[in-house]
Each structure stands twice: as structure tokens, then as C-alpha cells.
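Below is one structure; the comments refer to it alone.
Below, each value reflects all heavy atoms present in this structure, side chains not excepted, and no hydrogens, waters or symmetry copies. In what follows, residues are counted from 1 in the order of the sequence shown.
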Amino acid sequence: MIHRTGGPEVLETVEVPVPVPGPGEVLVRAAAIGVGWPDVLIRTGVYKWMPSLPASPGSDMSGVIAKIGAGVEGFAVGDKVLVTARDLKQRGGCYTEYLVVPAAVPYRLPAETDLDAAACLPNYQVAWAMLQESAGPRKPASIFIAGAAGGVGNAAVQLARHAGMVVIGSVSSPAKADFARQQGAHHVINYRTESPLQRVLDITEGRGVDLVLDHVGGPGLIDCLKMLASWGCVVSYNAMAGVPEANVFAEMRALLAKSLTLRCFSMHSYDGDPPRRRRFMTDVIGLLAGGAIRPAIGLTLPLTEVAEAHRRIEQSVVLGKILLKP
């Protein structure tokens, strides 16, 4: 729990009674809990959809149904499920051994599902939604993914490769380059030693790519526009480096002959359309079951070491998803 916002030290382990599901609710016993940037944003108090304090920052968990409330049909004790706070009334709540949720919230998982892998799927939900919703009038055949070794980035690499795209990614180190290639990237660019814009144009023989997924923003966003092919689209789903100082509209007008698109994306755009959001998760659950995706788990820690998990994610030193085990 956090009772105040701040650094990792504000995360406190507390003991509370196991909750009891009421009518229409189920009790989920956690098996694996994902750690991601939304958790850090909640902990630091800058999340736009901040829950009221005290709060548990966790956003995702996989587990099994431990108890069923009155009137619930379609679940049995022992069923494997995935819970994401995107389907709850408020964000957070998943850094816990047990969680009561409405019966409409959990995603049923096939019996053979690896629950550690399932806890990684919310990143794939984000990546899949961007790939499905953000293309222009033509199906993209090529993609540039900034931060291809990151949580959403490596999920996007796998999904774009599955969709038949030529995948180009950027990373910050040789170790991350090797990791991105293992996830399926055809070409990897170290942005510390190379120009992503120039390398993308070289790789595509000047044509550019059809789709860019960018979470960095800042001055690099303009280069993302410049590396697009005709009818291409840049999807900005975060802005870790802030907003560009350049006039973005003027830059797009300078590239008018290409009819480009810049889309600002957030999963919160589906807050008013839960069935569509759930469809994306159902899709990636199917891809996991069919072996089309292979979530990479970089570090597993006990739930009591959640502060260390937050330190690691802020240091960006772990390749793959960080999981907590209750």
C-alpha cells in the first residue's frame, strides 16, 4: 500500500484480512503480479487517473478463483484468470495476495496457461490495440518501434512480426539489441551510436516505414514523422522526453505530399468502450495459447520486495517483464 506518494520507500507491506466476495463477486488468489510504469506513476502521484489514498498501485495480476459469491455463474474454484485494473472502477489494487472483483472483470484463461506469462499480457493488449487501430488506409507492411526492448516495445515486436511486418526497433545498448532480436526484430538500431532516422531510411531504401510506435516524444518525434512512408502513421503513446519544441503541424505540412498521420494513443480511450478493450485482451490470450507470442520475464521478486522492483523498472536495467510473487 501507499499512504503518501514519493519514492519506492513509500511502498509499505501491510497485513489485512482476506476479503470475502459478495453477491456477483469472485475472490482471486494471485499467482503473479505485473510491475509496470502505471504503477510507478501512481506511486509518485502523477498518474492522470490517480486512485484515492491509501491505495495499492498494482495494475495487473494472474491467479485462480479462490471463492465465488452468490449468484455468480460461469466460474469454478480453481479456474485460471487474469485481472487488470483497466476493468476496475479505479486503477490500482493488484499488489495483493487476494483480490475481490466483480465477476465480469476476470478474463478466463485456458487450463494449460502459464500464469507468469499471463501476467505479462496487459502489455500485449496495449501493443495489439495500437497495431489494430492506428493504421492508415493501407495495411502496414513495416514498422519502427522505439524502445524495442521495453515492456510494450518487445510485445509490439512480437505482435508486429506475427502480423507479417518488417520490424525495425531502437534500443540503447548491445544487450538490449540482442534481446530485441530474440523477440523477433529484423533490424535493430542503437540510438546512442546511430541515427534512427537515417538508419530507417537506409534499411527501407528511402521509402520509410508505414507505422511508428513512439513512447519518447521530445525532438525525436519529428524524426519519427520524417521516417514515415506515404500514408504512414506515428502513434505517440507516451512522451518520456516531453513534447517537441518544434511546430509539429508545420513539420507535417512540410511533408504534405505523404499525407501523414500523428495519433496520440492511450488505453484510456477505451474506458467508454469496455467490450472493445476486452476483445483486444481476448485476442492476445488466444495468441499466447497458440504459441504465437512468448512473453519475456526478466526478473521475479517476492511481493515483499516491491520497492526493489520499482527501483529496477525506473533504472531500466531489466530485460523483460518484472513480476512479483505473493
Side-chain angles (χ1 to χ4, degrees), residues 1 15-34 36 38-39 49 51-52 55-129 132-133 155 159 267-293 295 303 321 323-326:
M1 300 288 291
E15 292 289 341
V16 298
V18 175
V20 177
E25 297 179 329
V26 295
L27 176 68
V28 178
R29 185 176 76 246
I33 302 162
D39 308 351
W49 298 270
S52 58
S56 165
S59 299
D60 315 300
M61 70 155 62
S62 62
V64 298
I65 299 293
K67 191 174 290 187
I68 296 173
V72 173
E73 298 180 355
F75 282 113
V77 172
D79 283 348
K80 292 182 176 181
V81 294
L82 173 66
V83 172
T84 169
R86 292 175 188 142
D87 295 305
L88 300 176
K89 288 184 177 180
Q90 70 172 29
R91 296 305 196 258
C94 293
Y95 284 172
T96 181
E97 295 173 306
Y98 290 91
L99 182 66
V100 165
V101 295
V105 167
Y107 295 86
R108 183 190 300 279
L109 300 170
E112 65 276 10
T113 302
D114 180 287
L115 289 175
D116 285 2
C120 303
L121 290 180
N123 281 347
Y124 286 80
Q125 182 189 32
V126 175
W128 190 241
Q132 294 296 303
E133 302 276 62
L159 291 168
M267 283 301 292
H268 287 280
S269 61
Y270 299 105
D271 286 353
D273 190 2
R276 194 170 186 84
R277 179 178 59 210
R278 291 185 70 86
R279 191 198 79 194
F280 295 130
M281 184 65 86
T282 301
D283 286 348
V284 297
I285 289 171
L287 291 172
L288 177 65
I293 56 176
L303 179 57
K321 188 71 172 178
L323 297 181
L324 300 172
K325 303 291 280 189

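Between the side chain of Thr113 and the backbone N or O of Leu115, no donor-acceptor pair lies under 3.5 Å.
With sequence neighbours left out, Ala155 forms a side-chain contact (heavy atoms from CB on, under 4.5 Å) with Asn123, Tyr124, Ala127. By the side-chain hydrogen bond (donor to acceptor under 3.5 Å, both in side chains) test, Arg279 pairs with no residue at all, sequence neighbours left out. For the side-chain contact (heavy atoms from CB on, under 4.5 Å) test, residues two or more places apart in sequence or in another chain that qualify with Asp39 are Val35, Pro57, Ser59, Tyr95, His310. For the ring-ring contact (aromatic ring centres under 6.0 Å, His included) test, residues two or more places apart in sequence or in another chain that qualify with Tyr270 are Phe280. Contacts of Ala32 classified as side-chain contact (heavy atoms from CB on, under 4.5 Å), with partners at least two apart in sequence or in another chain: Ser62, Asp116, Ala119, Leu323, Lys325. Applying the side-chain contact (heavy atoms from CB on, under 4.5 Å) test to Val20 and every residue at least two apart in sequence or in another chain returns nothing. With sequence neighbours left out, Asp79 forms a salt bridge (charged side-chain N to carboxylate O under 4.0 Å, His left out) with Arg108. Legend: residues meeting salt bridge (charged side-chain N to carboxylate O under 4.0 Å, His left out) with Asp271, ordered by chain and number and at least two apart, are Arg91, Arg277.
Taken to the nearest 0.5 Å, the CD1 atom of Ile285 stands 9.5 Å off from the CD1 atom of Ile293. Note that the CG atom of Leu27 and the OH atom of Tyr98 stand 7.0 Å from one another [nearest 0.5 Å]. With rounding to the nearest 0.5 angstrom, the OG1 atom of Thr282 is 10.5 Å from the CG atom of Leu121. Between atom CG of residue Leu82 and atom CD of residue Gln125 there is a gap of 8.5 Å, rounded to the nearest 0.5 Å.
Applying the salt bridge (charged side-chain N to carboxylate O under 4.0 Å, His left out) test to pairs two or more places apart or on separate chains, none has a residue in residues 20-33.
Residues Ala129 and Met267 approach most closely at CB-SD, 3.9 Å, considering heavy atoms. Pairing each heavy atom of Ser56 with each of Cys94, the nearest pair is OG-N, 3.7 Å. For Pro326 against Glu97, the heavy-atom pair with the smallest separation is CB-CG, 3.8 Å. Closest heavy-atom contact between Phe75 and Ile68: O-CD1, 3.1 Å. Of all non-hydrogen atoms in Val126 and Arg86, the two that sit nearest each other are CG2-NH2, 3.2 Å.
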Next on the checklist: What verdict does the side chain to side chain contact (heavy atoms under 4.5 Å, CB included) test give for Leu288 and Asp114, after you've listed the backbone C-alpha separation in whole Å, the side-chain angles of each residue and the deciding distance to 0.1 Å?
Outcome noted: CA-CA 9 Å; Leu288 177 65; Asp114 180 287; over 6 Å; no
For residues 99-107, which side-chain donor-acceptor pairs fall under 3.5 Å, sequence neighbours excluded?
unit_1 : atom_1 : unit_2 : atom_2 : d
Tyr107 : OH     : Asp87  : OD2    : 2.9

